Amino acid sequence: MNELSQAAGDRRLERAIVLTLLSGEGERRWSYGELAAELRIQGELLQTVLGRLSEAGLVCFAAGEAWASPAARAIDELGLIGI
């Protein structure tokens with residue numbers, strides 16, 4: 001896979017993670033295992049992408065769980081995130 005297609009794949013995965021974490025009611029926390037199974041990805045890749053999303057302020061993660069950040073939830077509630 002070339003760098004361009006890898007970057008596009010990473011962006012799709014980042015979007016999928018954020019949308020999954022925002023799905024449902026309330027502020028659900030997903031275990032790494034649940035999230036990896038839901039998205040059908042390997043745990044190592046998940047942790048790498050979660051790290052990037054955390055640095056951007058979109059997700060929080062600790063103790064083997066991940067959840068949407070307050071900023072991501074606020075943007076979602078404003079209707080700025082769409083599928």
Side-chain angles (χ1 to χ4, degrees):
M1 185 181 298
N2 66 36
E3 287 182 39
L4 186 57
S5 61
Q6 178 65 39
D10 286 353
R11 288 290 181 205
R12 281 192 298 273
L13 180 55
E14 288 172 347
R15 283 192 292 270
I17 289 171
V18 171
L19 290 173
T20 298
L21 295 176
L22 287 170
S23 68
E25 296 297 318
E27 296 182 20
R28 177 180 176 194
R29 292 183 180 214
W30 291 70
S31 73
Y32 290 172
E34 290 172 325
L35 198 51
E38 179 75 16
L39 299 170
R40 297 183 188 119
I41 60 173
Q42 303 258 336
E44 185 176 308
L45 176 58
L46 175 62
Q47 289 186 6
T48 298
V49 176
L50 283 174
R52 285 198 310 259
L53 291 171
S54 176
E55 287 175 11
L58 294 171
V59 303
C60 303
F61 65 99
E65 294 182 321
W67 60 97
S69 72
R73 289 215 171 273
I75 290 169
D76 185 44
E77 289 170 6
L78 290 171
L80 298 174
I81 297 175
I83 299 173

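Source: prediction; values computed, not measured. This chain uses plain numbering: 1 for the first residue, then up along the sequence. Values reported hereafter were calculated over all heavy atoms of this structure, with side chains retained and with hydrogens, waters and symmetry mates removed.
Under the 4.5 Å side-chain criterion, counting only non-hydrogen atoms from C-beta, Ile17 is not in contact with Leu58. A heavy-atom distance below 4.5 Å is found between the side chains of Leu13 and Leu45.
Every side chain to side chain contact (heavy atoms under 4.5 Å, CB included) that Ser54 has, sequence neighbours left out, goes to Val59, Phe61. Listed by chain and residue number, Trp30, Leu35, Glu38, Leu39 satisfy the side chain to side chain contact (heavy atoms under 4.5 Å, CB included) test with Thr20 (two or more places apart in sequence, or in another chain). With sequence neighbours excluded, no residue forms a salt bridge (Lys or Arg N to Asp or Glu O under 4.0 Å) with Arg73.
Here the closest non-hydrogen pair linking Leu21 and Ala68 is CB-N, 3.9 Å. Between Arg29 and Glu34, the closest heavy-atom pair is O-OE1, 4.2 Å.
Ion pair Arg11/Glu14 flagged as a salt bridge, since at least one NZ, NE, NH1 or NH2 atom sits closer than 4.0 Å to an Asp/Glu carboxylate oxygen.
Ser69 OG to Ile75 CD1: the interatomic distance, rounded to the nearest 0.5 Å, is 7.5 Å. Arg28 contributes atom CZ, which lies 12.5 Å from atom CG of Leu22 (distance to the nearest 0.5 angstrom).
Counted within 6.0 Å of CD on Glu27, heavy atoms from surrounding residues, nucleotides or ligands total 12 or fewer; the atom is thus considered open.
Both Ile41 and Val18 are members of a single hydrophobic cluster when ILVMFWY side chains are connected at heavy-atom separations under 4.5 Å. Under the 4.5 Å side-chain heavy-atom criterion for grouping Ile, Leu, Val, Met, Phe, Trp and Tyr, Tyr32 is connected to Leu53 within one hydrophobic cluster.
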